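Here is the naming used below: chain letters follow the sequence lines, and residue numbers restart at 1 for every chain. All figures in this text were calculated on a predicted structure; none of them were measured in a lab.
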There are 2 protein chains.
Amino acid sequence: MAQESPTFSPLYRQIKTLILQALEAGEWRPGQAIPSEQELAARFGVSQGTVRKAIDEIAGDNLLVRKQGKGTYVASHNDPRALFRFLRLVPIDGDLSHPKSVPLDCWRAKAGQEASRMLAIELGAPIIILRRLLKFANKPVVVDEIYLPGELFQGLSFETLQDWHGSLYSLLESRFGSRMIRAQERIRAVAADRSTSEALKVAEGTPLLSVERVTYTYGDKPVEWRRGLYSTAEHYYLNELN
Amino acid sequence: MAQESPTFSPLYRQIKTLILQALEAGEWRPGQAIPSEQELAARFGVSQGTVRKAIDEIAGDNLLVRKQGKGTYVASHNDPRALFRFLRLVPIDGDLSHPKSVPLDCWRAKAGQEASRMLAIELGAPIIILRRLLKFANKPVVVDEIYLPGELFQGLSFETLQDWHGSLYSLLESRFGSRMIRAQERIRAVAADRSTSEALKVAEGTPLLSVERVTYTYGDKPVEWRRGLYSTAEHYYLNELN
DNA sequence: GAGTGGTCTAGACCACATT
DNA sequence: ATGTGGTCTAGACCACTCA
């Protein structure tokens with residue numbers, strides 16, 4: 001059963017890979033339940049405990065959500081608990097109100113040096129650029145400039161964005177089948193330029209957080225690159241270190 | 001065995017608590033191996049699998065480190081793999097050299113409003129304040145101002161800091177028995193003041209990251225509060241989002 | 001070879017949600 | 001009552017480390 005020493009991979013990891021492949025292939029849709037552990041055990045010809053351990057790891061990566069007594073579900077950005085899952089910005093006074101996204105612009109362009117590198121696409125490939133404002137308690141706090149590979153999101157338009165009630169990622173998941181799994185942020189401090197200062201209603205030159213994010217789908221494929229400028233007058237970026 | 005509905009706690013969690021208590025009581029020192037799973041199972045009167053699950057969770061919190069074939073060890077900040085475990089700053093060019101800590105100042109004071117709140121100690125209680133520089137490739141990148149409760153770190157002096165070769169946390173662990181377990185950082189953007197700009201060799205007013213960290217030991221007890229000012233000219237703060 | 005953590009199994013039973 | 005995930009056990013065997 002098990003392989004010889006150099007490339008040993010336990011059974012439950014092989015099962016994990018099989019389940020991930022099924023997820024990636026879209027065999028089960030976001031928000032839906034996957035088969036029970038017993039069924040999967042039968043399908044893969046292993047014991048329930050082995051399937052369990054595979055699912056445990058996948059759930060640990062937030063790709064599946066276990067619900068005792070009900071089943072195991074494919075994680076979705078439509079889930080209210082996953083809303084703004086990647087946003088780490090918090091009001092200084094513990095006001096827990098959800099932010100509101102206000103689209104500003106949306107246009108098409110060709111990928112330049114930076115965009116092509118970040119999104120791992122050809123130089124000059126079509127991309128979509130969109131700008132938006134994030135408001136907390138109706139006050140502007142973040143300006144985002146978001147770059148998406150044009151190929152994946154053909155029908156995306158300014159109107160689509162305005163009509164959508166929910167997060168951007170839930171839109172990209174529901175309408176375009178792209179599921180954002182993990183992201184990496186690079187944070188620096190910069191001075192507000194003219195247009196940013198106007199959008200955020202701060203003085204020109206005010207120090208802002210520059211948060212560059214690359215977001216990945218299955219197979220560590222980058223599908224979004226964005227830069228956000230955060231006003232930290234009344235908010236901070238909260239990070240837990242373990 | 002198991003309790004009735006409202007306060008149900010599985011056996012392995014109770015075992016987890018017992019192991020955590022032993023850790024907190026210092027029954028096993030950092031860097032040393034804890035008893036084998038079999039021994040612990042015998043000691044607590046449960047099966048090895050139950051102990052295993054308890055240890056799994058504790059290891060997931062980075063309090064224990066498993067080493068196949070050898071044993072399970074108490075995590076230590078002396079471990080080279082844990083060095084600068086909480087530091088998220090990375091050079092823009094992938095230079096992986098370790099930073100070097102240069103102590104600047106160290107004095108005693110009484111806790112003010114902010115320090116007493118952050119460290120959960122009495123207003124006016126003795127604290128130790130220390131300032132230091134973090135250098136990457138011999139260039140100053142971070143100025144830290146660090147607040148410690150005086151009661152816990154009696155003998156700490158500027159000389160101690162200078163003589164110590166290792167991280168601050170390994171010093172606090174080895175000499176004072178305080179083990180830093182987790183931390184929380186609040187990040188904002190600020191303008192460099194006069195003295196900071198001189199220390200970091202940047203222009204006055206340059207945008208910097210202000211990183212405020214509270215660090216906790218066992219029982220979520222805060223034992224360190226610090227503010228770091230990060231120059232992000234050639235470095236960025238890297239954060240993985242899952 | 002002995003000891004440790006790591007994997008895998010099979011079965012019993014518990015907690016939870018739904019019918 | 002049924003089905004789901006969650007816990008617990010006991011035993012067998014594998015992979016790794018070290019003497």
Side-chain angles (χ1 to χ4, degrees), chain A residues 1-19 22-23 28 31-76 79 81, chain B residues 1-19 22-23 28 31-76 79 81:
Chain A
M1 271 312 197
Q3 301 174 33
E4 293 302 315
S5 47
T7 46
F8 170 70
S9 170
L11 190 49
Y12 76 87
R13 271 192 197 283
Q14 303 174 31
I15 303 300
K16 179 183 177 183
T17 302
L18 292 175
I19 296 176
L23 276 171
W28 314 297
Q32 290 185 340
I34 68 171
S36 75
E37 296 178 351
Q38 289 291 0
E39 285 178 81
L40 290 171
R43 165 168 163 179
F44 297 128
V46 298
S47 80
Q48 191 224 17
T50 301
V51 169
R52 166 163 277 271
K53 195 155 187 189
I55 292 180
D56 275 345
E57 286 207 353
I58 302 175
D61 293 336
N62 295 312
L63 290 178
L64 291 174
V65 180
R66 292 179 165 289
K67 298 185 186 177
Q68 183 174 164
K70 299 185 68 175
T72 300
Y73 294 75
V74 181
S76 166
D79 188 323
R81 294 174 309 187
Chain B
M1 272 314 196
Q3 302 173 31
E4 294 303 314
S5 46
T7 47
F8 170 71
S9 170
L11 189 48
Y12 76 88
R13 271 191 198 282
Q14 303 175 31
I15 302 301
K16 180 183 177 183
T17 301
L18 291 175
I19 297 176
L23 277 170
W28 314 297
Q32 290 185 341
I34 69 171
S36 74
E37 296 178 351
Q38 290 291 0
E39 286 178 81
L40 290 172
R43 165 168 165 180
F44 297 127
V46 298
S47 80
Q48 190 225 16
T50 301
V51 170
R52 166 163 276 272
K53 195 155 186 189
I55 293 181
D56 275 344
E57 285 205 355
I58 301 175
D61 293 336
N62 296 310
L63 291 178
L64 292 174
V65 180
R66 318 192 78 133
K67 298 185 186 177
Q68 182 173 166
K70 300 185 70 177
T72 300
Y73 293 76
V74 181
S76 167
D79 189 323
R81 294 173 308 187

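Taking only side-chain atoms of E37(A), from C-beta outward, the nucleotide of dG6(D), dC8(C), dG6(C) with the closest atom is dG6(D). Taking every side-chain heavy atom of S47(A) into account, dT9(C) is the closest of dT4(D), dT9(C), dG5(C). Between dA15(D), dT4(D), dC8(D), one nucleotide has an atom nearer to the side chain of Y12(B) than all others, and that is dC8(D). Considering only side-chain atoms of P10(B), the nucleotide from dT9(C), dC8(D), dT7(C) that sits closest is dC8(D). Set against dT4(D), dC8(C), dT4(C), the side chain of L11(A) has dC8(C) as its closest nucleotide.
Note on Q68(A): a base of the nucleic acid sits closer than 4.0 angstrom, heavy atoms only.
Atom CG in D56(B) sits about 12 Å away from atom P in dT7(D), given to the nearest Å. Taking atom CD of residue E39(B) and atom P of nucleotide dG3(C), one finds them 11 Å apart after rounding to whole Å. Rounded to whole Å, atom C1' of dC13(C) lies 14 Å from atom CZ of R52(A). Note: CZ (F44(B)) to P (dC8(D)) measures 14 Å, nearest angstrom. If you take CD1 of I55(B) and C1' of dT4(C), they are 11 Å apart, rounded to a whole angstrom. Computed from coordinates, the Q38(A) CD to dT2(D) P distance equals 16 Å when rounded to whole Å. What separates NZ of K53(A) from P of dG6(D) is a distance of 15 Å, to the nearest Å. Between Y73(A) atom OH and dT4(D) atom P the separation is 11 Å, expressed in whole Å.
In this structure, K70(B) and R13(B) both approach DNA chain D, and ranking their closest nucleotides by distance from the 5' end singles out R13(B).
Side-chain nitrogen and oxygen atoms of R66(A) include at least one within less than 4.0 Å of the OP1 or OP2 phosphate oxygen of dG6(D). One finds no side-chain N or O of K67(B) lying less than 4.0 angstrom from the OP1 or OP2 phosphate oxygen of dC16(D). Distances shorter than 4.0 Å separate none of the side-chain N or O atoms of T50(B) from OP1 or OP2 on dC8(D).
Heavy atoms only, all atoms of each residue included: S76(A) and G31(A) are closest at CB-N, 3.8 Å. Summarising the geometry of V74(A) relative to L64(A), their closest heavy-atom pair is CA-CD2, 3.9 Å, with the distance given to 0.1 Å.
In this structure, D61(A) contributes its side chain and L63(A) its backbone to no donor-acceptor pair below 3.5 Å. E57(A) contributes no side-chain N or O that, together with a main-chain N or O of R13(A), makes up a donor-acceptor pair within less than 3.5 Å. In this structure, the side chain of Q38(B) does not engage the main chain of Q48(B) through any donor-acceptor pair within 3.5 Å.
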